[in-house]
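Below you'll find the structure, written out as structure tokens, and then a few comments.
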Amino acid sequence: MKKNKIVLSTMALLAVIGLAACSKKSSSSNSSGEVGSSINLAEIYHNSKATDQSATKNSTLKIAEPNSAPFQGLTDPSLITNAEDTDVFAPGGNQPGNIDGLFNYDKDFKIVDGGLANQRLNLKAKTATITIRKDGKWSNGMPVTAKDIEYAYEVIGNKDTTSQQYSSDFNAIKGMAAYHAGTAKTIPGITLPDGPTGKVAVIHFDKMSPSMKYIGNTFIWGAVEPYEYIKSVPIAKLAASAQIRKDPLFTGPYKLDKVVEGESTSWSPNKYYYGKKPQIQHITITVVSPNNIDKAIQSGKYDFTSPAGVMRGTDYKELKNLKNYTPVGQPELGYGYFGFNVGQFDTKAGKNVMNPKSKMSNKNLRQAMMYALNLDAVNKKFGNGITWRANSLIPPIFAKYWDSTAKGYPYNLSKANKLLDEAGYKKKGKWRVQPNGKPLTIYFGAMTETSVQAAEYQDYMQQWHKVGLNVKLATGKTMEMNSFYNILQQPKQDKMDIFDANFSLSSEPTPTTLYGQSATFNFSHFVEAKNDKLISEMNNSKSWNNTYRTKIFKEWQEYMNEEAYVVPNAFNYTWAPVNHRVKGYDIGNGNSEFWSNLSLTSNSLE
């Protein structure tokens with residue numbers, strides 16, 4: 001179940017969606033908030049060897065990005081959707097997943113001073129004041145300005161944008177809804193006291209949310225746009241422009257030297273970076289097939305895999321005991337999930353609309369398909385402690401909000417059959433038919449991955465067949481990642497009735513951008529008043545009381561499990577094998593200089 005993933009926000013991801021896990025411990029946890037895994041990886045590789053200055057200056061840090069398809073090549077955090085782009089352009093930010101990020105944050109994801117900008121919230125005035133540091137510059141030497149903050153909202157909210165990061169929470173900014181609808185040309189709720197070239201932007205809200213204190217929240221966008229560099233490009237065409245695809249600018253410690261389309265990126269130090277001077281002079285990040293990654297590491301071709309790259313439990317089994325590598329990891333900010341297609345996205349109205357007559361609209365059918373799967377057994381067989389069956393749509397790394405008591409969908413074949421019988425899906429020969437007596441064929445969308453992944457897909461199909469459901473692969477076969485998401489991201493699609501996908505989350509767990517009525521990432525297109533109500537209550541005035549907010553999060557998890565429009569199937573560790581010549585490797589949340597802290601102890605990989 002380790003698959004390519006959609007990224008919710010590129011702000012502070014450090015997340016991976018994964019393959020399977022060994023043990024199920026749904027009611028216990030350790031100090032890191034990780035639950036269900038039989039392993040406990042460290043977040044730091046402690047290398048006691050001295051830095052070799054010559055090696056650090058003259059050698060190349062070689063990073064592998066495990067991926068079954070070419071990366072798309074989007075460098076703009078407002079436009080990125082696939083996490084693979086975030087991985088291969090990561091040195092453009094001070095932390096993995098924080099490309100052109102405004103803020104530093106602590107181990108609890110709380111925004112702290114010291115980054116590209118500082119933030120001050122004024123609850124009484126209902127404002128957020130963002131002040132850019134004086135020495136903040138882009139990689140071409142151009143200063144980062146207040147307009148660069150404002151323009152990010154204009155890109156995300158523009159009615160013709162290709163960005164998928166807009167959510168209803170942005171409507172809390174005064175005038176943002178009108179701008180998003182195309183009835184206003186500006187966003188009056190964003191003011192620049194010192195003008196566009198100044199360093200201060202003030203955002204005026206109709207309401208304030210406790211989530212604003214944390215990186216990756218859905219009210220305040222955490223990255224900037226190089227306005228002067230891209231202003232001549234229409235927002236609708238920005239994703240295809242040379243400024244984004246070929247010669248992008250970054251605010252992080254490294255500048256991009258070269259892109260081999262879909263294959264690799266090369267980097268060197270950004271002399272205009274405001275923070276700690278990067279030590280390594282050359283970095284390359286290369287896409288490596290998941291089928292070849294183990295051999296590549298075993299033969300010493302790479303220093304480590306992308307800190308948020310997809311590494312499986314089967315990889316861990318093969319690589320964990322290598323003498324010249326140490327596995328480093330942490331519980332992920334994300335999960336794998338099954339989604340049921342029950343509607344479409346109305347592009348004119350800008351919202352999801354359910355179809356009560358859709359094939360998967362029956363809750364008993366959705367629940368039965370989940371109870372029919374033995375995810376614990378699949379995870380135990382292939383996970384090797386890296387992945388385990390998920391019990392809710394809030395990952396356990398959010399220990400405060402995650403419901404450890406939720407059952408999710410453990411294997412129960414008799415219950416699956418009973419649910420189908422009760423709903424009128426009677427057997428007619430080998431297969432069940434719809435309650436109206438018409439034939440029922442369910443199309444399952446899945447991405448092409450490894451032989452292990454293929455075996456898991458076959459297990460799912462066999463289990464569904466056991467309860468009499470005629471489930472077939474959508475398009476007749478598994479799909480290449482980009483093709484899979486091209487279908488899934490269409491406003492209306494009828495090729496997949498159920499799909500197996502993944503989300504990499506931001507570090508604030510409010511799910512508006514994923515499952516809100518206007519969320520473009522709501523690929524199931526489900527809309528219910530109770531869902532909207534619970535999500536809204538996560539950030540209302542009462543939610544400043546943490547006990548109340550936690551209660552609402554747990555109510556939402558229970559509700560989502562019951563309705564089963566989207567059902568989580570895997571929690572995971574995000575991990576990487578780190579070569580012993582690497583020094584300073586630390587993926588802890590409080591490390592605000594991940595890339596600059598790296599150095600090498602040898603000219604060649606050990």
Side-chain angles (χ1 to χ4, degrees), residues 7 10-16 45 56-67 71-77 80 82-102 104 115-116 136-141 144 222-224 226 244-288 302-309 328 504 574 576 578-579 582-588 591-600:
V7 56
T10 57
M11 302 303 98
L13 292 176
L14 286 177
V16 167
Y45 169 54
T56 301
K57 182 178 180 180
N58 298 314
S59 294
T60 298
L61 179 72
K62 299 178 180 179
I63 302 171
E65 165 62 10
N67 196 17
F71 59 84
Q72 291 188 348
L74 286 170
T75 63
D76 187 323
I80 290 174
N82 286 347
E84 288 73 23
D85 280 344
T86 304
D87 293 344
V88 298
F89 296 110
N94 56 353
Q95 300 146 302
N98 202 26
I99 296 174
D100 298 336
L102 279 167
N104 282 355
L116 177 60
K137 295 181 179 180
W138 293 95
S139 51
N140 67 346
V144 179
V224 284
I244 299 300
R245 296 277 184 171
K246 296 181 179 180
D247 299 299
L249 302 181
F250 296 95
T251 61
Y254 285 88
K255 65 180 180 67
L256 185 67
D257 291 330
K258 182 180 179 181
V259 178
V260 178
E261 186 175 350
E263 297 180 7
S264 66
T265 60
S266 301
W267 304 79
S268 62
N270 170 17
K271 66 180 180 179
Y272 299 108
Y273 178 54
Y274 61 85
K276 181 178 179 180
K277 183 179 179 181
Q279 303 175 69
I280 298 174
Q281 299 300 301
H282 307 283
I283 296 177
T284 60
I285 304 177
T286 305
V287 172
V288 179
Y302 297 98
D303 287 286
F304 51 82
T305 55
S306 294
V328 178
S504 286
T574 174
V578 181
N579 189 268
V582 177
K583 191 177 180 69
Y585 188 98
D586 176 4
I587 59 170
N591 181 15
S592 60
E593 293 285 7
F594 174 84
W595 296 104
S596 294
N597 285 334
L598 296 175
S599 65
L600 302 175

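If you read the sequence from its start, that first residue is 1, and numbering goes on from there.
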* **Heavy-atom pair of closest approach, residues Pro253 and Trp595** => CG-CB, 3.8 Å
* Taking all heavy atoms of Val287 and all of Gly262, pick out the closest pair and write down the distance. => CG2-O, 3.7 Å
* Atom pair CD/CG of Gln281 and Leu61 - distance to nearest 0.5 Å -> 12.0 Å
* Measure from the side-chain N and O atoms of Gln279 to the backbone N and O of Ser596, and report whether any donor-acceptor pair falls under 3.5 Å. => yes
* Check the pair Asn597 / Asp586 against side chain to side chain donor-acceptor pair (under 3.5 Å), numbers first and verdict last. => CA-CA 8 Å; Asn597 285 334; Asp586 176 4; over 6 Å; no
* Is there side-chain contact between Leu102 and Val224, with heavy atoms separated by less than 4.5 Å? -> yes
* Asked: Under 4.5 Å between any side-chain heavy atoms of Trp138 and Tyr272, yes or no?
  -> no
* Asked: At what distance, to the nearest 0.5 angstrom, does OG1 of Thr305 lie from CD1 of Ile285?
  -> 11.0 Å
* Are Asn104 and Asn94 close enough that a side-chain donor and a side-chain acceptor fall under 3.5 Å? -> yes
* Taking every non-hydrogen atom, the tightest pair across Leu249 and Pro226 -> CD1-CB, 4.2 Å
* Mind checking what makes ring pair (Phe, Tyr, Trp, His ring centres under 6.0 Å) contact with Trp267, not counting sequence neighbours? -> Phe250
* To do: Measure across Pro248 and Thr75 and return the closest heavy-atom pair with its distance rounded to 0.1 Å.
  => CB-OG1, 3.3 Å
* Residues in ring pair (Phe, Tyr, Trp, His ring centres under 6.0 Å) with Tyr45, at least two apart? -> His580
* Structure fact -> Residues pairing under salt bridge (Lys or Arg N to Asp or Glu O under 4.0 Å) where one sits in residues 251-260, two or more places apart or in two chains, turn out to be Lys255-Asp257
* Asked: Which heavy atom in Asp100 sits nearest to a heavy atom in Pro77, and how many Å separate them?
  -> OD2-CD, 4.0 Å
* To do: Quick one: pull up CG in Leu600 and CG in Asp303 and give me the separation to the nearest 0.5 Å.
  => 6.0 Å
* Asked: Of all heavy-atom pairs between Ser266 and Thr284, which one has the smallest distance, and what is that distance?
  -> OG-CG2, 3.9 Å
* **Any donor-acceptor pair under 3.5 Å from Thr574 side chain to Pro307 backbone** => yes
* Is the shortest heavy-atom distance from the side chain of Leu598 to the side chain of Val582 under 4.5 Å? -> yes
* Asked: What is the distance from atom CD1 of Ile283 to atom OG1 of Thr265, rounded to the nearest 0.5 Å?
  -> 9.0 Å
* Structure fact -> One should read off an interatomic distance between Phe71 CZ and Thr86 OG1, to the nearest 0.5 angstrom, of 12.0 Å
* Asked: Under 4.5 Å between any side-chain heavy atoms of Arg245 and Leu74, yes or no?
  -> yes
* To do: Please examine the side chains of Asn579 and Tyr302, heavy atoms only from C-beta on, and report whether any two atoms are closer than 4.5 Å.
  => no
* Would you say the side-chain atoms of Asp85 pair up with the backbone N or O of Gln72, donor to acceptor, closer than 3.5 Å? -> yes
* Check whether the ring centres of Tyr254 and Tyr273 lie less than 6.0 Å apart, and answer yes or no. => no
* Just wondering, are more than 12 heavy atoms of other shown residues or ligands nearer than 6.0 Å to NZ in Lys57? -> no
* Asked: To the nearest 0.5 Å, how far apart are OH in Tyr274 and NZ in Lys137?
  -> 14.0 Å
* To do: Would you check if the side chain of Ser139 reaches a backbone N or O of Asn270 as a donor-acceptor pair within less than 3.5 Å?
  => no
